[in-house]
Amino acid sequence: MAKKTTGNNDQSKSTDAVVGADQIPSHTAAGQEKRFVEDLADKDDFAQWYFEVVRKADMAEDSPVRGCMIIKPYGYAVWEAIQQGLDTRIKATGHQNLYFPLFIPMNFLQREAQHVEGFAPELAVVTHGGGEELAEPLVVRPTSETIIGHTYARWVQSYRDLPLLYNQWANVVRWEKRTRPFLRTSEFLWQEGHTVHRTEEDAEAETLMILHEVYADFVEKELAIPVVRGRKSDSEKFAGALRSYSMEAMMGDGKALQAGTSHNLGQNFAKAFEIQFLDADGTRKYAWTTSWGASTRLIGGMIMVHGDASGLKIPPKVAPIQVVIVPIWRKDEERVLVEETVTTLERTLRASGIRVKSDWRDNKPGFKFSDWELRGVPLRLEIGPKDVQNTQGTLVRRDTRAKESVPWNSMVARVQDLLAEIQQSMFDAALRFRQSRTYQVATYDEFKMRMADRANLGFVETWWCGGAACEAEIKAQTQATVRCLPFERSTDASSGQCVYCGQPATTWAVFAKAY
RNA sequence: CGGGAUGUAGCUCAGCUUGGUUAGAGCGCUUGCUUUGGGAGCAAGAGGCCCCCGGUUCGAAUCCGGGCAUCCCGACCA
């Protein structure tokens, strides 16, 4: 059950909160940690911890509409950084942005059988407009393959028109039964790329290029989240796709999060929407299309991968604030001196392209330390009378809490070094965690044991026959699903037996409980 | 859609069993003073259609009926 934590916790409750510390990676000593943790949820309740971090770090809050969230400025700034990182890569690989309408005629969805079957249960439908009932209901887009396919059919006439390489930034609506901030909301923000190609090879190359060079590159280098890349099983692939690929990240509780997907749609949508072209050989052919998307869910992933008992840890490259300056003073004349130094340092750091903010709020320094740690700012710079006297500043890392005194004249260089170091060390820590929680199993008993061990939950890698029946049985019994058939196998063996049915395996697979 | 629970101050909640003047606490907020190198203290304030509709009653946050909403557990989830 959700435990309510308020300021008037009794002593025993606070103590309990520290004891259950095994779930969330922490780099702090237990004794020191206690103070920081008293307002966050018990850490063995990961779901509750997640919800409180989102709210208390000022990322997002509930909205009057069920399942929808209000993204607050601090959370939206992270989204803007994600947008920028992805958009840069999308454009660098030859794509252009455009925009399609929010509404889609109902019959468009129905033209691709698997697509409508997959999305029908979660559609929001508009039946009235301007006070009158519409002749045909409009669907609020759950994704835009159909309306874009309909349009591409006109845009594609000749092989010379190909490829079409377009992307749009948009909001979509999927009426989910169960929602969580950022991870699964009824409305979410994303980018969806939609491309058209002359051949299957071209479409396949596009699909994989996006997965590797756009998605995985961004998520690993900027969000500091290591991912497992691979193909989706048939039951998990996109509704209407020929093949789906994804990258899967491990959260702090050992569950998997699909962090981005890229689909080779084959000719399914081309046939449904008559996207045809006259090829060089004079024959009329159906085109090959792809689609790929990454969403605000990435923010949830970032929180769940890096966060600890003190709150958020935002990787420096996407942190809205990279350095927060906390001024410290007692007397007014001290404040004057400190203010002068802070202003100068702030200006210098900003001029070097560092995102910096000074905190002049009327609170004690200790409050501010905790507050900015909760918000995950990578570096804190303390400036007090002692620092002014010694012409130095005190830098404190969010990830390790390591403190050091740095002379003013080398501050910019040291900050830049530390930001790079934190970025790398956050990725390394996440990778180590994933490796420590990734298990290769040979028997189904071992498989079940791993999925039942909540404290050490993680990814299970094993052989699988590829059969939907085994996949469904495993899911029913353990809640684990095939996350992907990874490109890189962590085994030397060239073949094996299906972990469930014992028949000769066709593939090596990563199983996990998933968000 | 099944099972369970809950709607009282900005937030987290107490009060309801056993109906009775002006409905409470902590946190937050406002003002003042003192504080400030790891979550400050004191004082004075502001803040309520007690989810909605109806019923019982001299009298309803409290009892009864109906409705709505939200949360949790399942099922579902590109």
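Throughout, protein chains are lettered first and strands after them, A, B, ... in sequence-line order, and every chain is numbered starting at 1.
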With rounding to whole Å, what would you report as the distance between B/C49 and B/G7 at their C1' atoms? 15 Å
With A/Ala47 via side-chain contact (heavy atoms from CB on, under 4.5 Å) - residues at least two apart: A/Asp45, A/Arg180
A/Ala60: side-chain contact (heavy atoms from CB on, under 4.5 Å) partners, not counting sequence neighbours: A/Val54, A/Met69, A/Phe182
Please give, in whole Å, the distance from B/C76 P to A/Phe119 CZ? 18 Å
Any residue meeting salt bridge (Lys or Arg N to Asp or Glu O under 4.0 Å) with A/Glu122, in chain and number order, not counting sequence neighbours: none
Taking atom C1' in both B/U6 and B/C50, compute the distance separating them and give it to the nearest angstrom. 14 Å
If I pick the P atom on B/C52 and the same atom on B/U57, what distance separates them, to the nearest angstrom? 23 Å
Atom OG1 of A/Thr341 and atom CD of A/Gln389: how far apart are they, to the nearest 0.5 Å? 11.5 Å
Integer-rounded Å distance: B/A75 P and A/Glu122 CD: 17 Å
Stems of at least 3 consecutive Watson-Crick or G-U wobble pairs (donor-acceptor distances under 3.5 Å) involving RNA chain B, listed by first number, are B:1-7 with B:68-74, B:10-13 with B:24-27, B:29-34 with B:40-45, B:51-55 with B:63-67
In whole angstrom, what separates A/Phe367's CZ from B/G37's C1'? 17 Å
Taking atom P in both B/C16 and B/U56, compute the distance separating them and give it to the nearest angstrom. 26 Å
For A/Arg184, enumerate each residue passing the side-chain contact (heavy atoms from CB on, under 4.5 Å) test, keeping only those at least two apart in sequence or located in another chain. A/Glu176, A/Arg297
Determine the Euclidean distance between corresponding C1' atoms of B/G10 and B/G66; express it in Å to zero decimal places. 31 Å
Taking the inter-plane angle between the rings of A/Trp190 and A/Phe188 on a 0 to 90° scale, is it parallel (under 30°), tilted (30 to 60°) or perpendicular (over 60°)? perpendicular
Tell me: CZ of A/Arg66 to C1' of B/U6, nearest whole Å? 16 Å
Protein-nucleotides 30-36 of chain B N/O pairs under 3.5 Å:
from, atom 1, to, atom 2, distance (Å)
B/U36, OP1, A/Arg330, NH1, 3.0
B/U36, O2', A/Trp329, O, 3.1

Under a 4.0 Å heavy-atom cutoff, the residues of residues 137-148 of chain A touching RNA chain B are none
Pick the C1' atom in B/C51 and in B/A46, then give their distance to the nearest Å. 25 Å
If you measure from the C1' atom in B/G4 to the same atom in B/G41, how many Å do you get, rounded? 45 Å
Which residues share a side-chain hydrogen bond (donor to acceptor under 3.5 Å, both in side chains) with A/Asp387, sequence neighbours left out: A/Thr394
Separation of atom CG in A/Leu183 from atom C1' in B/C77, rounded to whole Å: 13 Å
Name all residues meeting the salt bridge (Lys or Arg N to Asp or Glu O under 4.0 Å) criterion together with A/Glu187; count only those two or more places apart in sequence or in a different chain, and write none if there are none. none
Just grab all the ring pair (Phe, Tyr, Trp, His ring centres under 6.0 Å) pairs involving residues 468-487 of chain A, residues at least two apart or on different chains. A/His212-A/Phe487, A/Tyr245-A/Phe487
How far does CD of A/Glu346 sit from CD of A/Glu339, to the nearest 0.5 angstrom? 10.5 Å
Base, sugar-phosphate, or nothing: which does A/Lys386 touch, judged by heavy atoms less than 4.0 Å apart? base
Want to settle it: does A/Arg180 or A/Pro121 sit nearer the 5' end of RNA chain B, counting the closest nucleotide to each? A/Arg180
Output the rounded distance in Å from CD (A/Gln479) to C1' (B/A75). 11 Å
Could you tell me the separation between the CZ atom of A/Arg55 and the P atom of B/C27, rounded to a whole number of Å? 18 Å
Partners passing side-chain contact (heavy atoms from CB on, under 4.5 Å) against A/Thr261 (at least two apart in sequence or in another chain): A/Ser246, A/Gln258, A/His263
Rounded to whole angstrom, note down the C1' distance from B/G54 over to B/C72. 30 Å
Output the rounded distance in Å from CG (A/Asp62) to P (B/C71). 7 Å
Donor-acceptor contacts, no H, no angles, side chain residues 321-331 of chain A, under 3.5 Å, sequence neighbours left out:
from, atom 1, to, atom 2, distance (Å)
A/Gln322, OE1, A/Arg355, N, 2.8
A/Gln322, NE2, A/Pro316, O, 3.0

